[in-house]
Amino acid sequence: MSYSFQDKLEQILAEYQRNRENLDSVQARMAEASSTATAPRNIVSATVDIHGQVTAVAFPTNAYKNMAPAELANAVRDTVRKAQQMAREEMVGLMEPMMPEGMSMGGAEPGKIDIDRLFPKNPEDSVFFRVLNEES
């Protein structure tokens, strides 16, 4: 069965609305998200927001008092980096399902765009034309 142009346009608009609602939901979850990492022996814990910005650093035990300054600095740095990596992974998990074909948040090169898949040289190979030409 072939859809009329109006039916296809309504289908595209409905998909747009679903994507918009999903994005609103993801943004709300991102605003509330944080990641906390703790160093071995509970020396230090670090909390970052979804963007990797440090929001809290705590020293749950007195273990830090027996550390050399450079050792403590390394523990803090490594713990913050671990929390930031956790936040990146959470961001990817939230955003990856919403990425258009040809674009990825994950992988070896996060955010890399495959221009040929996103905008093929032949416009009729694009996602937009495929939706218009779908038959159900």
Participant: Between V76 and L72, is any pair of side-chain heavy atoms under 4.5 Å apart?
Facilitator: yes
Participant: Quick one: list whatever passes side chain to side chain contact (heavy atoms under 4.5 Å, CB included) with E32, sequence neighbours left out.
Facilitator: none
Participant: Hey, quick one: are V80 and M86 part of the same hydrophobic cluster, counting side-chain heavy atoms closer than 4.5 Å, chains of contacts allowed?
Facilitator: no
Participant: Taking only residues two or more places apart in sequence, or in another chain, which ones meet N74 in a side chain to side chain donor-acceptor pair (under 3.5 Å)?
Facilitator: R77
Participant: Of all residues at least two apart in sequence or in a different chain, which pass the side chain to side chain donor-acceptor pair (under 3.5 Å) check with E10?
Facilitator: Q6
Participant: Show the nearest heavy-atom pair for residues M30 and L94, with the distance to one decimal.
Facilitator: CG-CD1, 3.6 Å
Participant: Nearest 0.5 Å, please: how far is CE in M67 from CZ in F59?
Facilitator: 9.5 Å
Participant: With side chains defined as the heavy atoms from C-beta onward, is the minimum distance between Q17 and L13 less than 4.5 Å?
Facilitator: no
Participant: So does R18 pair up with E21, basic N to acidic O under 4.0 Å?
Facilitator: no
Participant: Can you list the residues that meet the side chain to side chain contact (heavy atoms under 4.5 Å, CB included) rule with D78, with sequence neighbours excluded?
Facilitator: none
Participant: With the side chain counted from C-beta on, respond yes when Q84 and R81 share a heavy-atom pair under 4.5 Å apart, and no when they do not.
Facilitator: yes
Participant: With a 3.5 Å cut-off and sequence neighbours excluded, list the donor-acceptor pairs that the side chains of residues 40-53 form with protein atoms.
Facilitator:
residue	atom	partner	partner atom	Å
T47	OG1	T36	OG1	2.7
D49	OD1	H51	N	2.9
D49	OD1	G52	N	3.1
D49	OD1	Q53	N	3.0

Participant: Under the rule for side chain to side chain donor-acceptor pair (under 3.5 Å), what residues qualify as partners of E90, not counting sequence neighbours?
Facilitator: none
